[in-house]
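First up is the structure itself, then whatever we jot down about it.
Residue numbering restarts at 1 for every chain, and letters A, B, ... go by the order of the sequence lines. Heavy atoms only: backbone and side chains are in, while hydrogens, waters and symmetry mates are out.
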Amino acid sequence: MLDPKRLRNDVEEVAQQLARRGFKLDVARIQSLESQRRELQSTTQELQNQRTLRSKAIGQAKARGEDIQPLLAEVDGLGERLVQSEQALNALQDQIQAIALMIPNILDSTVPDGKDENDNVEVRRWGVPRQFEFTPKDHVDLGAPNGWMDFEAGSKLTGSRFVVLRTAMAKLHRALIQFMLNTHTEQHGYNEVYVPYMVNADSLRGTGQLPKFEEDLFKLNNEQGYYLIPTSEVPVTNLVRDEIIPEKDLPLRFTCHTPCFRSEAGSYGKDTRGLVRQHQFEKVEMIWVVKPEESWQALETMTSHAEAILQALELPYRVLALCAGDTGFSAAKTYDLEVWLPGQQKYREISSCSNTLDFQARRMMARYRSEGGKPELVHTLNGSGLAVGRTLVAILENYQESDGRVQIPKVLQPYMNGAEYLA
RNA sequence: GGAGAGAUGGCCGAGUGGUCGAAGGCACUCCCCUGCUAAGGGAGCAUAGGGCCAAAAUCUCUAUCGAGGGUUCGACUCCCUCUCUCUCCGCCA
């Protein structure tokens with residue numbers, strides 16, 4: 001959520017900023033609702049003040065044993081006017097709040113202009129795509145024939161966009177998770193957390209998935225209306241919701257492995273083949289909670305931690321600065337990491353690292369208190385480190401050999417009983 | 001699933017219809033005192049929003065004692081619903 005003060009005082013400026021994303025802010029409507037709110041709030045508060053004063057007078061009169069009838073008569077009608085005024089004010093504030101929750105974050109000035117993913121700007125590259133002396137297969141052709149990846153079983157058990165991994169593939173998948181978590185906790189200084197895979201609407205509102213993106217989520221049909229998490233960013237970031245963190249405890253750095261569930265509504269026909277776009281996938285996430293002045297450095301550091309995983313796996317990648325039109329709702333700036341997939345002859349997204357500034361913190365009321373100071377909003381960041389399914393894809397395709405065998409990356413071999421090849 | 005207890009400020013904990021944003025204690029901040037190291041004295045110490053202002057502070061108003069409704073001139077105090085926590089029984093990985 002944006003600072004309501006900014007929304008009140010610099011609507012034009014905010015609207016101009018948001019236009020970079022292609023978001024149209026209804027300035028006239030906001031201004032009109034705001035001026036109504038201001039007036040209504042003043043009269044409501046004045047009526048409330050009247051009520052308090054009169055009630056106190058009655059209390060005092062009664063304590064002195066005086067007749068309170070005349071005073072009661074004086075109050076007559078005040079209650080009804082107050083109720084009406086309060087109701088109108090609440091309705092108006094709900095309207096304003098509903099609008100505010102639908103407004104995306106303001107982009108950082110360093111975010112490149114642009115409309116969609118074609119306008120993203122490459123920042124750097126690491127590694128050189130391997131030259132194959134044969135035509136590299138894609139991961140489906142490598143994994144499906146020998147039963148490592150069973151898409152038929154996935155669709156039988158559930159439906160499309162689900163998969164069953166078997167034997168060495170299931171184990172490599174697990175090895176990747178262990179490797180990523182161990183690296184982040186042992187080398188990058190993260191605290192590992194285990195969290196619920198179902199969350200309530202408050203949590204999703206806090207990180208910005210609700211109210212705008214409900215169709216992307218799986219909602220449970222239980223009484224509480226829980227949702228399956230689309231990313232561990234939601235439960236992990238919400239750990240600090242409604243909290244005031246002592247300054248000395250910052251920065252908080254969490255890493256967490258969870259499955260992620262996404263409806264993929266609107267992506268019909270996109271990546272229908274293979275593991276790349278599933279309704280359920282595993283992800284190791286990195287979350288930072290920092291003081292405002294540290295968040296931009298944190299974004300760079302966090303991105304480098306995601307890169308470190310790709311480097312350790314010796315997978316070629318590039319880093320993109322997402323353009324204005326492609327940056328997500330809550331983010332002020334995002335770097336995407338794209339890994340090279342020989343089967344597609346393309347770089348494909350495998351991590352996304354974002355600084356949301358105080359956008360999520362304001363929705364969550366997540367604050368910190370400096371020594372003797374007032375509580376202030378923290379800044380929150382999140383990044384994948386990495387998407388496990390896609391990393392598996394990248395390993396298969398990059399480490400394949402002409403006979404169809406797949407080498408195991410050096411750093412993963414200890415997790416695979418020292419094996420050099422998938423068997 | 002059944003029975004019971006509870007939810008108050010950073011923490012503990014009073015408060016059962018009126019002047020309570022809330023006693024007291026702890027923690028914390030500042031000052032004083034003290035040569036002695038979990039000693040004493042004093043002051044301060046919730047959050048959010050509105051108004052005022054160029055802005056901030058001050059000032060002022062409002063809201064908040066788990067959440068939402070209700071009763072009342074007035075609710076932390078009474079009534080209803082819900083959520084969460086704890087205890088016991090049952091069931092269970």
Side-chain angles (χ1 to χ4, degrees), chain A residues 1-13 30-101 194-206 220 222-227 235 238-250 252 358 360-378:
Chain A
M1 207 160 59
L2 300 177
D3 186 348
K5 288 199 182 87
R6 270 190 91 178
L7 215 47
R8 277 194 285 271
N9 302 330
D10 320 309
V11 209
E12 298 291 352
E13 162 72 11
I30 289 173
Q31 283 174 329
S32 145
L33 288 173
E34 260 305 318
S35 71
Q36 288 178 54
R37 192 222 86 237
R38 194 173 305 219
E39 198 180 322
L40 202 45
Q41 182 160 347
S42 291
T43 60
T44 304
Q45 293 189 345
E46 174 53 28
L47 287 170
Q48 287 170 327
N49 185 221
Q50 285 304 316
R51 180 193 58 191
T52 306
L53 294 175
R54 304 297 168 94
S55 295
K56 279 185 181 172
I58 290 171
Q60 285 165 347
K62 216 174 158 186
R64 286 192 300 265
E66 296 170 9
D67 180 16
I68 60 167
Q69 278 311 316
L71 289 168
L72 285 176
E74 228 178 283
V75 183
D76 197 41
L78 184 67
E80 198 174 326
R81 278 197 295 153
L82 178 56
V83 166
Q84 280 181 1
S85 190
E86 281 177 336
Q87 281 174 350
L89 179 62
N90 283 339
L92 200 54
Q93 282 177 326
D94 287 350
Q95 267 188 73
I96 293 170
Q97 178 75 355
I99 292 172
L101 285 171
Y194 169 82
V195 294
Y197 300 162
M198 299 174 203
V199 292
N200 57 34
D202 283 342
S203 293
L204 287 155
R205 224 178 340 264
L220 286 134
N222 68 343
E223 209 179 319
Q224 295 89 345
Y226 293 158
Y227 296 82
N238 273 280
L239 284 172
V240 297
R241 171 153 55 86
D242 297 321
E243 300 289 335
I244 299 175
I245 303 152
E247 183 178 20
K248 64 178 168 50
D249 292 348
L250 295 179
L252 300 175
D358 60 12
Q360 293 180 326
R362 185 171 290 106
R363 288 171 161 248
M364 293 189 298
M365 282 295 280
R367 295 167 294 172
Y368 78 101
R369 189 197 298 275
S370 51
E371 286 299 316
K374 287 257 169 203
E376 274 187 77
L377 294 171
V378 296

Both distances below 3.5 Å, Watson-Crick or wobble geometry, any strand: find the nucleotide opposite [N].
N: B/C91; value: none
N: B/A46; value: B/U64
N: B/G18; value: B/C73
N: B/C26; value: B/G10
N: B/A56; value: none
N: B/G4; value: B/C86

Q) How far does OG1 of A/Thr43 sit from CG of A/Leu89, to the nearest 0.5 angstrom? A) 8.0 Å

Could you state the [atom1]-[atom2] distance from [X] to [N], rounded to the nearest angstrom?
X: A/Asp242; N: B/G9; atom1: CG; atom2: P; answer: 13 Å
X: A/Glu80; N: B/U71; atom1: CD; atom2: C1'; answer: 16 Å
X: A/Leu47; N: B/G74; atom1: CG; atom2: C1'; answer: 16 Å

Side-chain donor/acceptor pairs under 3.5 Å, residues 54-63 of chain A, sequence neighbours excluded:
| from | atom 1 | to | atom 2 | distance (Å) |
| --- | --- | --- | --- | --- |
| A/Arg54 | NH1 | A/Glu74 | OE2 | 3.2 |
| A/Arg54 | NH2 | A/Gln50 | OE1 | 3.2 |
| A/Ser55 | OG | A/Arg51 | O | 2.9 |

Q | Sequence neighbours excluded, every pair satisfying side chain to side chain donor-acceptor pair (under 3.5 Å) that has a member inside residues 90-99 of chain A | A | A/Arg29-A/Gln95

Q: Mind checking side chain to side chain donor-acceptor pair (under 3.5 Å) for A/Arg367 and listing every partner two or more places apart, or none if nothing turns up?
A: none

Filtered N/O pairs between nucleotides 77-81 of chain B and protein, under 3.5 Å:
none

Can you check whether [Y]'s main-chain N or O pairs, donor with acceptor, with [X]'s side chain at less than 3.5 Å?
X: A/Arg363; Y: A/Leu204; result: no
X: A/Asp202; Y: A/Arg205; result: no
X: A/Asn238; Y: A/Ser203; result: yes

Q | Those residues that, when tested against A/Tyr194, pass side chain to side chain contact (heavy atoms under 4.5 Å, CB included) (two or more places apart) | A | A/Tyr197

Q. Checking all strands, does A/Arg367 fall into the base, sugar-phosphate, or nothing category for heavy-atom contacts under 4.0 angstrom?
A. sugar-phosphate

Q) How would you label the contact of A/Pro246 with the nucleic acid (heavy atoms, under 4.0 Å): base, sugar-phosphate, or nothing? A) nothing

Q: At under 4.0 Å between heavy atoms, which parts of nucleotides 55-63 of chain B does protein reach? Answer with one letter per nucleotide, 5' to 3': B base, S sugar-phosphate only, - none.
A: ------BSS

Polar pairs (N or O, both sides) under 3.5 Å between protein and nucleotides 14-17 of chain B?
none

Q. Do A/Thr52 and A/Asn49 meet the criterion of a side-chain donor-acceptor pair at a distance under 3.5 Å?
A. no

Q: Find which nucleotide of RNA chain B each of A/Gly79 and A/Gln41 is nearest to by heavy atoms, and output the residue with the more 5' nucleotide.
A: A/Gln41

Q: For A/Ser42 and for A/Asn90, locate the closest nucleotide of RNA chain B by heavy-atom distance; then report the residue assigned to the nucleotide nearer the 5' terminus.
A: A/Ser42

Name the pairs: protein N/O against N/O of nucleotides 18-21 of chain B, kept only if under 3.5 Å.
| from | atom 1 | to | atom 2 | distance (Å) |
| --- | --- | --- | --- | --- |
| B/G18 | O6 | A/Lys62 | NZ | 3.1 |
| B/G18 | N2 | A/Ser55 | O | 2.8 |

Q: Would you indicate which nucleotide in B/G49, B/A46, B/C73 comes nearest to any side-chain atom of A/Arg369?
A: B/A46

Q.
I'd like to check the salt bridge (charged side-chain N to carboxylate O under 4.0 Å, His left out) partners of A/Asp10; sequence neighbours left out, ordered by chain and number.
A. none

Q: Check salt bridge (charged side-chain N to carboxylate O under 4.0 Å, His left out) between A/Glu86 and all other residues, then give those that pass, not counting sequence neighbours.
A: none

Testing the basics here: between [X] and [Y], what is the closest heavy-atom pair and its distance to 0.1 Å?
X: A/Ala100; Y: A/Met1; result: O-CG, 4.0 Å
X: A/Ala361; Y: A/Val378; result: CB-O, 3.1 Å
X: A/Tyr368; Y: A/Ile244; result: C-CG2, 4.2 Å

Q) According to a strict under-4.0 Å criterion, is A/Arg38 in side-chain N/O contact with OP1 or OP2 of B/G51? A) yes

Hey, can you pull the donor-acceptor pairs under 3.5 Å for the side chains in residues 31-39 of chain A, sequence neighbours left out?
| from | atom 1 | to | atom 2 | distance (Å) |
| --- | --- | --- | --- | --- |
| A/Ser32 | OG | A/Gln36 | NE2 | 3.3 |
| A/Glu34 | OE1 | A/Arg37 | NH1 | 2.2 |
| A/Glu34 | OE2 | A/Arg37 | NH1 | 3.2 |
| A/Ser35 | OG | A/Ser32 | O | 3.1 |
| A/Arg37 | NE | A/Gln41 | OE1 | 3.2 |

Q: Please work out which residues in residues 194-203 of chain A have a non-hydrogen atom less than 4.0 Å from an atom of RNA chain B and list them by number.
A: none

Q) Expressed as a whole number of Å, how far does the P atom of B/C20 sit from that of B/G35? A) 42 Å

